[in-house]
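All values reported here derive from a predicted model rather than from experimental measurement. Hydrogens, waters and symmetry mates play no part in the numbers below; they use all other heavy atoms, side chains included.
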Amino acid sequence: MAPKCNQEPVCLTWSYSDVSSWIEGLGFPEYAACFETNLINGRKLILMDASNLPKIGITDFEHIKFIAKSVRDILEIEQPYWNRSISLEPRERMGMFLERKRITGPIANNLTYAKYIKEVERIEREKARKK
């Protein structure tokens with residue numbers, strides 16, 4: 001799924017209570033406390049995939065699949081495939097941006113999607129020039 005207007009997902013700025021309200025809105029009010037207790041805000045939501053949801057107390061497999069897909073949808077990223085060939089082009093840009101954005105610190109905090117795209121395009125131009 002392509003990002004809308006080259007903007008980063010609005011959920012990156014969500015607070016803990018915003019995330020718990022979102023999870024309640026998905027139909028899982030029983031998990032709101034799991035997200036709040038574990039201090040999952042919008043930036044940490046990036047990390048919430050099927051392997052990490054059980055670590056915060058979500059153990060029903062069907063719920064895990066639904067919530068993980070909902071996280072990918074709201075972050076506008078593709079589903080990861082375990083059998084993806086390394087010979088393929090890099091993954092979609094939003095997913096790569098979010099990998100860099102998920103950490104904290106001044107560099108990640110100041111990184112925007114627009115800055116990331118400019119950096120990727122610069123690297124691609126340099127690679128093309130070297131060929």
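- Below 30°, between 30° and 60°, or above 60°: for Trp22 and Trp14 the angle between ring planes is between 30° and 60°, a tilted geometry.
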Q.
Applying side chain to side chain contact (heavy atoms under 4.5 Å, CB included) to Ile40 and Tyr16, what does each step give before you reach the verdict?
A. CA-CA 6 Å; Ile40 306 299; Tyr16 312 122; 5.7 Å; no
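- There is no path of hydrophobic side-chain contacts, each under 4.5 Å, that joins Phe61 to Ile56.
- Aromatic ring pairs are classed by plane angle as parallel below 30°, tilted from 30° to 60° and perpendicular above 60°; the pair His63 and Tyr31 is perpendicular.
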Q.
Apply side chain to side chain contact (heavy atoms under 4.5 Å, CB included) to residues Phe35 and Ile58 and explain how you reach the verdict.
A. CA-CA 10 Å; Phe35 283 83; Ile58 301 170; 3.5 Å; yes
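- Residue Glu126 is tested with Arg122, Lys130, Arg129 for a side chain to side chain donor-acceptor pair (under 3.5 Å); the sole match is Arg122.
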**Q.** Worked verdict on Val71 versus Asp49 for side chain to side chain contact (heavy atoms under 4.5 Å, CB included)
**A.** CA-CA 8 Å; Val71 168; Asp49 59 16; over 6 Å; no
Q: Test side chain to side chain contact (heavy atoms under 4.5 Å, CB included) on Met94 and Tyr113 and set out the steps.
A: CA-CA 8 Å; Met94 182 57 75; Tyr113 188 67; 3.8 Å; yes
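- In this structure, the separation between CD1 on Ile67 and CD1 on Ile23 is 4.0 Å, given to the nearest 0.5 Å.
- For the atom pair CZ of Arg100 and CD1 of Ile107, the computed distance is 8.5 Å after rounding to the nearest 0.5 Å.
- For the pair Glu99 and Ile46, the minimum side-chain heavy-atom distance is 4.5 Å or more.
- Between Glu124 and Arg93 there is a salt bridge, with a side-chain nitrogen of the basic residue lying less than 4.0 Å from a carboxylate oxygen of the acidic one.
- If you check the side chains of Asn41 and Lys44, you find no donor sitting under 3.5 Å from an acceptor.
- Not one N or O on the side chain of Thr37 forms a donor-acceptor pair closer than 3.5 Å with the backbone of Cys34.
- Taking the side chain as every heavy atom from C-beta outward, Ile74 and Pro9 never approach each other to under 4.5 Å.
- Here the OG1-CD distance, from Thr112 to Gln7, works out to 9.0 Å after rounding to the nearest 0.5 Å.
- The nearest pair of heavy atoms linking Leu111 to Glu8 is O-OE1, 4.3 Å.
- The residues Lys115 and Glu119 are annotated as not salt-bridged, no charged nitrogen and carboxylate oxygen being separated by less than 4.0 angstrom.
- The pair Glu62-Lys65 meets the salt-bridge criterion, since a charged nitrogen lies less than 4.0 angstrom from a carboxylate oxygen.
- Distance alone, capped at 3.5 Å, is enough to place a donor-acceptor pair between the Asn109 side chain and the Gly105 backbone.
- A side-chain donor from one of Ser15 and Asp18 sits under 3.5 Å from a side-chain acceptor of the other.
- Annotation: side chain of Asn38 is not in contact with side chain of Lys55 (no heavy-atom distance under 4.5 Å).
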